[in-house]
Amino acid sequence: MADRGVELSALPKEVRDQLAELDLELSEGDITQKGYEKKRTKLLAPYIIQTPGKNSTITQLPPPSSSSRYRERRARRSHRSGGTRDDRYRSDIHTEAVQAALAKHKEEKMALPMPTKRRSTYVQSPVENHTPPDSSSGSEDETSVRRQSTVIAPPPAVNPNLQSPDSWINHSVQGSSTSSSASSTMSHGENNAPPPDVTAVAPRARGPRVDLPSNAVVRGMSRVQSRSSMMETADGVPVSSRVSTKIQQLLNTLKRPKRPPLSEFFTDDSEEIVEVPQPDPNTPKPEGRQTIPVKGEPLGVVSNWPPALQAALARWGATQGKSPALTALDITGKPLYTLTYGKLWSRSVKLAYTLLNKLGTKNEQILKPGDRVALVYPNSDPGMFWVAFYGCLLAEVIPVPIEVPLSRKDAGISQVGFLLGSCGVGLALTSEICLKGLPKTPAGEILQFKGWPRLKWVVTDSKYLTKPSKDWQPHIPTANTDPAYIEYKANKEGTVVGVAVSKVAMLTHCQALTQACNYCEGETLVNVLDFKKDMGLWHGVLTAVMNRIHTISVPYAVMKACPLSWVQRVHIHKARVALVKCRDLHWAMMAHRDQRDTSLASLRNLIVADGANPWSVSSCDAFLNVFQSHGLKPEVICPCATSPEAMTVAIRRPGVPGAPLPARAILSLGGLSHGVIRVNTEDKNSALTVQDVGHVMPGALMCVVKPDGPPQLCKTDEIGEIIVNSRAGGNMYYGLPGVTKNTFEVIPVNANGVPIGEIPFVRSGLLGFVGPGSLIFVVGKIEGLLMVSGRRHNADDLVATALAVEPVKTVYRGRIAVFSVTVFYDERVVIVAEQRPDASEEDSFQWMSRVLQAIDSIHQVGLYCLALVPANTLPKTPLGGIHISDTKQFFLDGNLHPCNILMCPHTCVTNLPKPRQKQPVGVGPASVMVGNLVAGKRIAQAAGRDLGMIEDQDLVRKVIRPPSLELLLSTMGTATCVQLHKRAEKIAAALTEKGSINTGENVVLLYPPGIDLIAAFYGCLYAGCVPVTVRPPHPQNLAATLPTVRMIIDVSKAACILTTQNLTRILRSKEAALSVNIKTWPTIIDTDDLPRRRPPQIYKPPTAEMIAYLDFSVSTTGMLTGVKISHAAVSALCRSIKLQCELYSSRQIAICLDPYCGLGFVLWCLASVYSGHQSILIPPFELESCLSLWLSTLSQYRIRDTFCSYSVMELCTKGLGTQTDLLKARGVNLSCVRSCVVIAEERPRLALTHSFSKLFKDVGLSPRAVSTAFGSRVNLAICLQGTTGPDPCTVYVDMKSLRHDRVRLVERGAPQSLPLMESGKILPGVRVIIVNPETRGPLGDSHLGEIWVNSPHNASGYYTIYGEESLQADHFNTKLSFGDPQTLWARTGYLGFVKRTELLAASGDRHDALFVVGSLDETLELRGLRYHPIDIETSVSRAHRSIAESAVFTWTNLLVVVSELCGSEQDALDLVPLITNVVLEEHHLIVGVVVIVDPGVIPINSRGEKQRMHLRDSFLADQLDPIYVAYNM
């Protein structure tokens, strides 16, 4: 450090003070580590002892590594001063309790997996041997008082080379508790063994769409087998893999039983998700008698008390003009000026005169008595504020003091606008200096703040005020019930309201305070509080003037620079009264060693403004402990309880020397959470010590009532809200009569609900009880109350527990927020804290896991989320505290940008429905009778119209037909049938000569989309071979795409490969050799320059059942499946499509699909040759270079029917959606399009098709044109929306029922409803039936089951190297278990249902619609329910604007969500709670792992379908290079 060669004690005092101030700023987060080093070095430079021949001993911080872009972005944020080092929560007793609780956990040895971060993004440069000695007040244990604060020791040193994850995960439970001095001497290098880095894989951009089979699983096993084999791949990941080990540890932590026994879980009912849990019979209940109202002593009548507060000022101004009223301090803590009562009076009169007579014209004054005026003065200028406040009182206008707005982005700035609006403020008073400092527009005008009314600004400096004429005197009436001033108050939701205080209430309050605190004329008072509101205003401005007290105002900025300043002022001025908060006691205590000779003997009253906070007791005790030797008497400490509405509720009276001090209450936190008072006896760890706040105010009456429901009086051993009846309290929320009634006009009732009297009480918002001797005890505030599972927890208590867990190394004291959010029918506790810049990842994670354990042990409540944000990023209140409601809003909106986060839904969400137990299903004909027919349901089956005679089974002859059929290929030329025939002949000749291929052998066609592919296909048919079309490998991504090609070639046992010259070179290249063995390719025939030869004969298949071609495809579950398509099936399918779409030879259709498998191949290569129409073929990859190619082709050729894939539709929607005007200008018109069919093997994507229709409506696309098709592996085309027949219909189904394999139709907009669109009309010749996949019995209408299909164009079976007949029979030739046992069906593997609609088909019958819900293989079985990944993914994608795409899968019963982040990387951790929330709310599932990745990481196949199983394997093999991986506890 910079002070290596310097003896600090030898430095001059001013340098030591400046160093202390610097340390303070660093501990507060008001200065960066770098800035701290720089300033410190500069200060110490003159005193450093130089070693000859060596450099100076100053060690500079290394510059942050260039890769830590995330941290640097954070550091650039502007640092606003003012983090409070709020130490009101420190308690040695509590710290011991936390230690004990954590020790218990240590025995359990709970290992939480640490989240994974991408190194480049998050990790800051190491702060080795640069950690400054944090001598700031609230952070290092400098005194014996703080010594016990250390809870957790550093973990033992680990070998840095050790790569086993256990070594760094288990740190959180190792190590013994040692003193923090030991922890600080341990160098950073030893205990920070970094977790193994899995970021070796470079992030890939989403390149070409590739079909990636997962782990080379080939279809040839039963569905059950395939699933188990995938499990093996998952479990087979080596143990050194970070992800799998962590998940295993996570599973181990989840095996611990949850707190509530099973009886307390909610049960699942089909109608209602959650039931109210049964109350626990062991819950403590209040047993005392009903309380009675407590009366304060009568308010004494003193003869010389003034009739109004202004009269007191007038009196002192006239008779004691030289007497000092106020001394203000400068930033160094030295007196700046003293305002006498004479000056205060004369200036206030001048201001009153100016306000009433000099604003506006002579006839029309702007201000009238009773108008509201904003007072905008900084905390460093009390004099100007006093003059403005009393000037307003004298002018009889109502002052509304507010904070100085610093920028448009101030926390809660718009809420202040709401306050000004509700009070009708149009004028603001301020000082000249303050006005200059307000943010301005470039034109020099004051900014219009968000939500603020338009304000006129008036400067109140003396030089701008007019002296009144001799005969003008301010009007001072006797105090009445008109409002005197309005004090602002922010409620729990962040709304700012104004509490109006009447003139008589203001006067009575001053009289009551004078009597209670025993104020005498001419005393001196030191005030550290904010003088604009609350105690600072009541004592330091109002009561002070009434009693001619000399107030010394110590601004917040002075306290930050010199924490002892208020103690010095008491000593210098022999002050009798001091007005402070616990924070000020603590700061003074930390800095007191610099002062030897201060004396506090003059103090007779030390008023602790936040003494009602239960955690104030330890600050008061510690302060007394240190300053008793400086003359402080124990009886002068006077805690009090206040609220903006009821003003001062109770205050401890200053005691007489030698009187016994009031007792303390030691309460059980468990009892408090149930709202009852129980003295803590058994578990001293969960105890709360509270001190009394004295007796009720003079002249007041007080009750304790239940905080929720009607204001019923509490029992004596019950905690309730304190309500007060007094003349000295607030009157109303100004301008808000509705909310006023509930707070200011409460009439308490007894146990029978009968009012106990007529007089109204005011709610104070304080929770407490009346102790022995009518002493008042306060245990918390309503606004800090968190109601979790019917129990009350106080936010302050949770903060105290969190801060007792070694806060010094990881977080800033006083920069911690606790609030609750509602997720899944209950409140969930969230803690957000600011992390120190020098805290390592591991420190932070350890701290977080221990806070979890401590809160769990002491408060018996689970935390939902614990987030650490970078220093100085939480929204601040004007005096430096945390703005809780803004922080909560940031959390819910995903704008918090945490640098560390820990979600624990598994432990705290205990109200999930019970997992569903599946009932065994009995099979038999009776079930049909009982289940369907008796209930009036028909069996769920549907059929397309009759196919008629299939006139010609021979496709080959169709190619030779004479009609010239144009086949246009954009950018790649055209071909007629004759040209195609000649090219096919050349290829057939080459096959027989070069390849010496025998009839029936398989030939792989490896071509880019184009005429060559079609010619090669027919060439194979001419030669009697079986063609297998394969997507060529991508030249830029051979490593990923070539193995798939190789696998299909091997599985299909191809005898030869037909391809182009270019691709031949690629197959034999060195790059290819890196991925596959290129020496074992079958014969490769290059078809680019073949000689003109004709084959000896054209092959004609002996029977129509012979195989025409093989169709290989990778399913979304990563299975590579090849199916055999016979000549009969080809003809039947082509005829079926021709009939459905009315494809006559005069038609033109445009196809923008991949031509390698499924219906895409059929439309590209077969349909146009069969039907004789012209096809315009557009390869989808062409759209990457010219997005509008497909749409402009439709417009140019006036196409009526077009076919595309979802990926094409998505490209157009995202790329051209905003350019419809440009398309219009180019003359694109889609009004000609009658049908645009999306070809897919999945549930219709309703949102995408709707947005496509909506976006291109402007260029003439009919909303009825877009529809979908459906096919599967066993039957390539089951549904296809034809040109005739009714429009596709949409239904809304209940998602809860769907999870139970039931279909319940609901209205549009119903909660938990899912829109499903019909997948097109069933093709001619096709029959479908809905079957229970387990019993194989038919189901009724609108029941969910597997779709089975019977049709002449079913595939003949799987082409598999195993040749397993059982699977063949199961999927292709299966029969119903009852009903119609003769028909042979093929199982599609998709779940769906049939519904008879109101629409009529062409035949006049009612139309049966088939709705596809999802693939059976892809469904997730969780908690006994069946989930479809797409539903969860849709919810996740809605959670935050930065989520581009998401995919879900399960691993050992854990739900894993992978989300692509399209925004800035600082949003990454914001997504974790939002994703967890939305899945819990909408699907009642707890997310186990959240993985945030770069765009393009989720693999998508050529049809635009997500390859979830491939993603799952990449995740388990650590190949995703994630930005962040969060393991939810």
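Numbering starts at 1 and runs along the sequence shown.
Taking the six-membered ring for Trp and thresholds of 30 and 60 degrees, Phe824 and His1484 have ring planes inclined between 30 and 60 degrees apart.
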Inset, instruction - Step by step, work out the side-chain contact (heavy atoms from CB on, under 4.5 Å) result for His1483 and Met1295. - result: CA-CA 9 Å; His1483 303 279; Met1295 283 174 77; 3.3 Å; yes

Inset, instruction - Quick one: do Val861 and Arg791 satisfy side-chain contact (heavy atoms from CB on, under 4.5 Å)? Show the steps, please. - result: CA-CA 9 Å; Val861 65; Arg791 291 174 59 195; 5.9 Å; no

Inset, instruction - Test Tyr1524 against Leu1461 for side-chain contact (heavy atoms from CB on, under 4.5 Å), laying out the working first. - result: CA-CA 10 Å; Tyr1524 190 78; Leu1461 173 73; over 6 Å; no

Inset, instruction - Using the side-chain hydrogen bond (donor to acceptor under 3.5 Å, both in side chains) rule, take Arg678 and Ser668 through it: C-alpha gap first, then chi angles, then the decisive distance, then the call. - result: CA-CA 6 Å; Arg678 292 288 179 268; Ser668 149; over 6 Å; no

Inset, instruction - Take Phe769 and Glu718 through the side-chain contact (heavy atoms from CB on, under 4.5 Å) test and state the conclusion after the steps. - result: CA-CA 7 Å; Phe769 61 95; Glu718 193 173 3; over 6 Å; no

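Distance alone, capped at 3.5 Å, is enough to place a donor-acceptor pair between the Thr1434 side chain and the Ile1430 backbone. Side chain of Asp796 to backbone of Trp615: no donor-acceptor contact under 3.5 angstrom is found. Formation of a donor-acceptor pair under 3.5 Å by the Ser857 side chain with backbone atoms of Ala854 is not found in this model. At distances below 3.5 Å, not a single donor-acceptor pair connects side-chain atoms of Glu1433 with backbone N or O atoms of Glu1445. Arg815 places no side-chain N or O within 3.5 Å of a backbone atom of Ala871 that could act as its donor or acceptor partner. Within the 3.5 Å criterion, the main-chain N or O of Ser1442 finds a donor-acceptor partner in the side chain of His1440. With Glu827 contributing its side chain and Val788 its backbone, the two residues share no donor-acceptor pair below 3.5 Å. In this structure a side-chain-to-backbone donor-acceptor pair under 3.5 Å is missing from Glu1482 to Ile1432. Side-chain atoms of Arg836 come within 3.5 Å of backbone N or O of Val811 as a donor-acceptor pair. With hydrogens and angles ignored, the 3.5 Å screen pairs a side-chain donor or acceptor of Asp826 with a backbone N or O of Ser789.
Taking all atoms of both residues into account, the shortest heavy-atom contact from Pro1522 to Val1525 is CG-CG2, 3.4 Å. Closest of all the heavy-atom pairs between Gly894 and Leu1474 is CA-CD1, 3.7 Å. The shortest non-hydrogen separation linking Lys492 to Ile782 is NZ-O, 4.4 Å. Considering every non-hydrogen atom in both Thr810 and Asp843, the closest pair reads OG1-O, 3.9 Å. Ile1443 and Val1436 make their closest contact through CD1-O, 3.3 Å (heavy atoms, listed as atom of the first residue, atom of the second, distance).
The side-chain contact (heavy atoms from CB on, under 4.5 Å) check on Pro711 picks up Val705, Val746, Arg763, with sequence neighbours excluded.
Inspection of the Thr873 and His897 side chains reveals no N or O donor paired with an N or O acceptor under 3.5 Å. Using modelled atom types and a 3.5 Å distance limit, the side chains of Asn1477 and Tyr864 yield a donor-acceptor pair. Looking only at atom types and distance, the side chain of Asn1528 has a donor-acceptor partner in the side chain of Thr1476 under 3.5 Å away.
Between Arg1426 and Glu1421 there is a salt bridge, since a side-chain N of the basic residue sits under 4.0 Å from a carboxylate O of the acidic one.
Within a 6.0 Å sphere centred on NZ of Lys781, other residues, nucleotides and ligands contribute 12 heavy atoms or fewer.
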